[in-house]
Amino acid sequence: MDTNTLIQNFTKRPVWAQIDLDAAIANIRGIRRLVGPQVCVTSVVKANAYGHGAIELAKVFLGHGADQVAVACLGEAVELRQGGITGRILILGHTDGHRAEELTAYGVEPTVFRYEDALRFSRAAQAQHRTVNIHIAVDTGMGRIGYEPNANGIREIQAIAALPGLQLEGVFTHFAVSDSNTPADRAYTQAQYQCFTKFLTALAEVGIRPVYTHCCSSSGLLSQTAFHQNMVRPGILQYGYHPSGTVACTSFTPQPVMSLRCCITHVKWVHKGQYISYGRHFQATKETCIATIPVGYADGYPRLLSNRTEVLVHGRRVPQVGNICMDQCMIDVTDVPNVQIGDEAVLFGTQGEGSLPLEELAAAIGTIDHEILCNINRRVPRVYVRGGQVVRRVEYLVE
Ligand SMILES: *Cc1c(COP(=O)(O)O)cnc(C)c1O
């Protein structure tokens, strides 16, 4: 990608998250092939599609193998509706019954685990002469949301299933450690699954048969192929990352979709002994060439990475030095000849022959890829690339 073209024509601020749509398409196709044609693929695009841009990515996933999408909350669902997504949208988190009218009007499917909420959804459905499809959450060991799998849970789900205007579309659970490969954790996932299927059997015995039953996010999808049921909910895998270091994708190679890029705004030589940035945590030990880049922790580049990460310049890795500030930080480009203002720097991703995987950044600060991706915020324009061409840009702040 010619950086100057990008800057002049596609972004106003020389910082951008580049989104490789070919990679996204390859990933969702890989997922589709892996689960087969019969399983419903619910593409998880919560948190602005893990920072990639929910509307764009929902369209791409739906166009290349996904059957429907899922978000975390009603606001995210409304954003998708307003962005032209007409397909089915599942909300994975809690939607309070007080928002039933809005939810019903937008034709969105809530996760339900309280009778009072279901009652309000039922009333709104009747008032609007519509049907609200609901998914019931069951807590089999995640300890987050859902009915406990016991007789009480069955009674309440029966009561909900009998409410007019509601269609019991799904029953699902979520694994706590399906991203771990230790024997103890694999046994825990196995136990969660058994608990889930036992509960489904008990529901069937009282005549409750949801259209979909589902439990696998990316990690379950990869590590527990026998647990797919008839729906899966891939998130991180679609964006090109393994769910963890121990759960591998062997049937296709996930291709990272996002890279974080910017242009150098300042270059200078500093003398031995000079300090760089807040806190004086970096001191030059010799004549050093320092470049400044316009990305900081307010963009989602974690401050914890200060002095602990690298950046690509001219395809080579250089150290980030000094504290990462809110909007800027510095890099040591002494070993790269002829670095100029305006040259591209890559905070994660690839550049020429160079590669700086996001996994390295996440590991350096003890977090997971998901967190860094979804923290890349709306101050950073998204630039969508397909077949080597920029096909679209999204500026959240100015248009
Ligand atoms: C976020 C989420 C997913 C997707 O998780 P990944 O690990 O990113 O694949 C699936 N199901 C539920 C309930 C979630 O909250």
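All ligand and atom numbering here is 1-based and tracks the order in the structure. Sequential numbering from 1 along the given sequence is applied to the chain's residues.
Here the heavy atom of the protein found nearest to atom 11 (N) of ligand 1 is R233 NE, 2.9 Å. Counting only heavy atoms of the protein, atom 7 (O) of ligand 1 lies nearest to H370 NE2, 3.5 Å. Scanning the protein for heavy atoms near atom 15 (O) of ligand 1, the closest one is K46 NZ, 2.7 Å. Summary of contacts: the protein heavy atom closest to atom 4 (C) of ligand 1 is Y50 OH, 3.4 Å. The protein atom (non-hydrogen) at minimum distance from atom 13 (C) of ligand 1 is H174 ND1, 3.6 Å. With hydrogens left out, the protein atom closest to atom 9 (O) of ligand 1 is S218 OG, 2.5 Å, a heavy atom.
Donor-acceptor pairing under 3.5 Å is recorded for the side chains of R114 and H94. Between the side chains of Q340 and N338, at least one donor N or O lies within less than 3.5 Å of an accepting N or O.
Remark: the backbone N or O of Q255 is paired with a side-chain donor or acceptor of N27 at under 3.5 angstrom. Side chain of H64 to main chain of A26: no donor-acceptor pair is present (N/O by atom type, distance under 3.5 Å, no hydrogens or angles).
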Practice item. Begin from the C-alpha positions of S244 and D179 and carry the test side chain to side chain donor-acceptor pair (under 3.5 Å) through to its verdict. Key: CA-CA 6 Å; S244 73; D179 62 343; 4.9 Å; no
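The nearest non-hydrogen atom to atom 5 (O) of ligand 1, considering only P243, S217, A72, P234, comes from S217.
R392 has a carboxylate O that lies under 4.0 Å from a charged side-chain N of E56, or vice versa, which qualifies the two as a salt bridge.
Between F172 and H214, the ring-plane angle classifies as parallel under the 30° and 60° cut-offs.
Within the structure, ligand 1 lacks L237 among the residues with a heavy atom less than 4.0 angstrom away. Contact between R144 and ligand 1 is present, with at least one heavy atom of the residue lying under 4.0 Å from the ligand.
Considering backbone and side-chain N/O atoms, G235 comes within less than 3.5 Å of an N/O atom of ligand 1.
Between L237 and P254, the closest heavy-atom pair is CD1-CG, 3.8 Å.
Heavy atoms from both the backbone and the side chain of I236 come within less than 4.0 Å of ligand 1.
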